[in-house]
Amino acid sequence: MTATEQLKPRTGAETGGGGSRGRWLALAVLVLAVLLVAVDATVLGLATPSLSEDLEPSGTQLLWIGDIYSFVIAGLLVSMGSLGDRIGRKKLLLTGATAFGAVSVLTAYATTPEMMIVARALLGVAGATLMPSTLALIRNIFTDPRERSLAIGIWGATASAGAAVGPVVGGALLQHFYWGSVFLINLPVMIVLVLVGIKLLPESKNPVAGPWDLLSVALSLVGVIGVVYAVKEAATHGPTWDAGLAAVLGAAALYAFVRRQFTLPAPLLDMRLFKDRGFSGAVVSDLLTVFGLSGLLFFLSQFLQLVQGREPLEAGLAELPAAIGAVVTGLVAGQWARRFSVRSVVAGGLGAIGLALGVLTLVRQDSGYPLLGASLLIVGLGAGFSFTVTADVILSSVPKEQAGAASAVSETAYELGAALGIALLGSIVTGVYQGFTAPAAVPAPLAEAAHESLGGAVEAAGALDPQTGHTLLDSARQAFVDGLHYASGVSALVLLGTAVAAWFLLKGQKLQEGASAHH
């Protein structure tokens with residue numbers, strides 16, 4: 001693609017019609033979609049206690065309810081990103097949004113754990129169409145790099161805000177309605193998104209995309225899910241034949257996927273993108289950051305509710321400083337990266353998160369809120385800096401036509417990081433947690449339920465006489481906090497390591513300057 005082609009002035013139709021105002025209104029619609037997917041990923045953490053009571057899933061089923069959404073999204077993102085580049089990103093976004101709304105209703109009225117797992121998987125399919133389309137449309141609507149940095153900042157800030165608002169909204173709903181309400185809130189948002197999106201969003205696609213290769217789609221899905229499943233399985237039960245088989249199958253499928261991309265005239269994912277050091281550096285640091293964060297935040301909700309006994313709404317509000325921090329730095333990240341340097345802003349952000357997670361190794365059952373609140377605020381500030389700048393680097397290092405595929409790669413890194421984080425850090429927490437000794441007076445079935453999960457222990461304690469119940473709960477909570485310490489320590493090390501890696505990988509990386517900048 002020549003420089004002149006890339007810099008041709010765009011027509012009104014391409015930029016979304018109504019000039020500048022139309023662009024920012026279109027951004028508002030895209031941000032709505034992101035908000036929803038982000039809320040959906042975290043709201044479940046809060047609903048878990050009441051959902052478990054109602055559907056009575058086993059420990060494994062509960063993990064699947066929590067993870068299948070991320071698995072499916074991760075497995076399909078690259079395919080959906082390139083499908084959007086082919087059939088049109090607006091078309092894919094609006095179709096996905098409609099499906100997301102419909103499946104949310106199915107999820108809300110699930111009556112068995114199995115039905116819930118299937119519904120969450122379908123939500124993942126719909127969610128996979130939303131994320132890459134939004135970033136790719138931003139890349140196409142905002143042609144001026146500085147405006148684009150701000151738009152990406154707003155996009156990223158919304159994603160982090162959504163992840164943190166999820167618990168607050170969820171908490172408020174759960175205090176008044178049953179757990180299904182946390183999914184039903186998707187409906188009105190989706191209706192607005194589709195109606196406004198039809199009018200405001202410009203259609204954009206890759207004019208020379210070629211056919212959508214179904215074999216590549218299948219390989220990437222099998223590969224990602226196989227690898228993630230293997231990690232989770234090994235993390236929960238130690239190395240088993242199942243885990244080994246899934247790992248081999250997943251790795252083989254991913255290897256075949258990569259080989260196939262090099263031979264196709266129109267690959268699903270252009271592997272040459274990874275030759276750009278900035279692109280690969282940004283993708284790797286995203287993956288490891290989300291790994292460290294998601295596992296921890298997932299267990300923090302449980303800590304606030306089940307260890308410290310806070311109401312869901314209060315627990316949700318307690319996690320807000322992370323969102324506030326991310327919004328504040330997300331909006332200035334592009335500016336700072338231009339003033340100082342990309343690598344200092346990203347590495348600095350990651351280092352700050354690492355240190356804050358290190359502080360969480362000091363949390364006790366009765367720790368006051370200031371320690372937690374301050375750590376979460378610093379985590380948010382660091383995340384706002386690093387995520388916003390890496391998204392900008394990823395989008396500006398590829399030609400506009402491949403925006404969907406490139407944003408899908410960064411989204412896949414997020415989702416994989418989240419699934420692996422919850423799996424690996426989760427298994428650390430669970431492994432340490434299950435080591436506690438129940439008082440001798442506790443009947444075997446109740447002791448077993450208590451060892452299954454902290455929620456199980458809270459329920460088991462309710463069925464015992466007050467003193468035994470109190471002793472059981474106290475040792476269960478202490479074991480959970482010990483597990484949290486180990487997980488925080490591992491997360492802190494991962495993030496500090498990532499900060500060092502980002503410093504080297506992003507050396508000399510710059511964000512584009514003005515409208516005439518050419519990659």
Side-chain angles (χ1 to χ4, degrees), residues 44-63 65-66 113 167 170-172 174-176 178-179 236-237 295-319 359-373 375 425-489:
L44 189 75
L46 272 186
T48 303
S50 52
L51 183 145
S52 313
E53 220 169 286
D54 210 6
L55 300 183
E56 299 181 343
S58 68
T60 318
Q61 285 175 325
L62 193 60
L63 273 178
I65 291 173
L174 290 168
Q175 270 175 356
H176 301 291
Y178 88 120
W179 58 264
T236 325
H237 305 294
L296 206 69
L297 292 174
F298 183 74
F299 291 100
L300 217 49
S301 288
Q302 294 184 34
F303 170 78
L304 291 165
Q305 286 184 70
L306 300 173
V307 175
Q308 296 202 327
R310 299 174 194 265
E311 289 293 318
L313 177 59
E314 192 190 348
L317 289 169
E319 291 178 22
V359 171
L360 290 178
T361 56
L362 308 173
V363 167
R364 295 193 313 275
Q365 280 196 49
D366 55 357
S367 286
Y369 181 68
L371 175 72
L372 265 181
S375 307
L425 299 171
S427 58
I428 294 176
V429 175
T430 313
V432 175
Y433 169 75
Q434 289 176 339
F436 79 91
T437 335
V442 179
L446 284 178
E448 203 176 308
H451 277 98
E452 187 80 29
S453 70
L454 185 54
V458 173
E459 240 171 83
L464 296 162
D465 66 90
Q467 195 182 351
T468 317
H470 180 73
T471 317
L472 170 73
L473 203 51
D474 197 52
S475 43
R477 284 175 166 163
Q478 190 49 54
F480 186 83
V481 173
D482 292 342
L484 202 60
H485 288 168
Y486 281 106
S488 310

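Numbers for residues simply follow the sequence, beginning at 1. No experiment lies behind these values; they were computed from the predicted model shown.
For L425 against A487, the heavy-atom pair with the smallest separation is CD2-O, 3.8 Å. Nearest approach of Q308 to D366, heavy atoms of both residues: NE2-C, 4.2 Å. Of all non-hydrogen atoms in A461 and G469, the two that sit nearest each other are CB-O, 3.6 Å. Here the closest heavy-atom approach between residue V481 and residue V363 is recorded as CG1-O, 3.6 Å. Between V359 and L371, the shortest heavy-atom distance links the atoms CG1-CD1, 3.4 Å. Smallest separation of non-hydrogen atoms from T361 and S488: CG2-CB, 3.8 Å.
For the pair L360 and L372, the minimum side-chain heavy-atom distance is below 4.5 Å.
The ring pair (Phe, Tyr, Trp, His ring centres under 6.0 Å) pairs that include a residue from residues 438-469 are F436-H451, where partners are two or more places apart or lie in different chains. The stretch residues 457-480 participates, sequence neighbours left out, in no ring pair (Phe, Tyr, Trp, His ring centres under 6.0 Å) pair at all.
No donor-acceptor pair under 3.5 Å is formed between the side chain of H485 and the backbone N or O of L362.
Partners of D474 under the side-chain hydrogen bond (donor to acceptor under 3.5 Å, both in side chains) rule, at least two apart in sequence or in another chain, do not exist in this structure. Every residue meeting the side-chain contact (heavy atoms from CB on, under 4.5 Å) condition with P439, not counting sequence neighbours, appears here in chain and number order: V442, T468, T471, L472. Considering only residues two or more places apart in sequence or on other chains, Y486 meets the side-chain contact (heavy atoms from CB on, under 4.5 Å) condition with I428, V432. Among residues two or more places apart in sequence or in another chain, the side-chain hydrogen bond (donor to acceptor under 3.5 Å, both in side chains) test is passed with E448 by none. Residues that satisfy the salt bridge (Lys or Arg N to Asp or Glu O under 4.0 Å) test with D465, not counting sequence neighbours, are absent from this structure.
Annotation: the span from Q478 atom CD to Y433 atom OH amounts to 12.5 Å, rounded to 0.5 Å.
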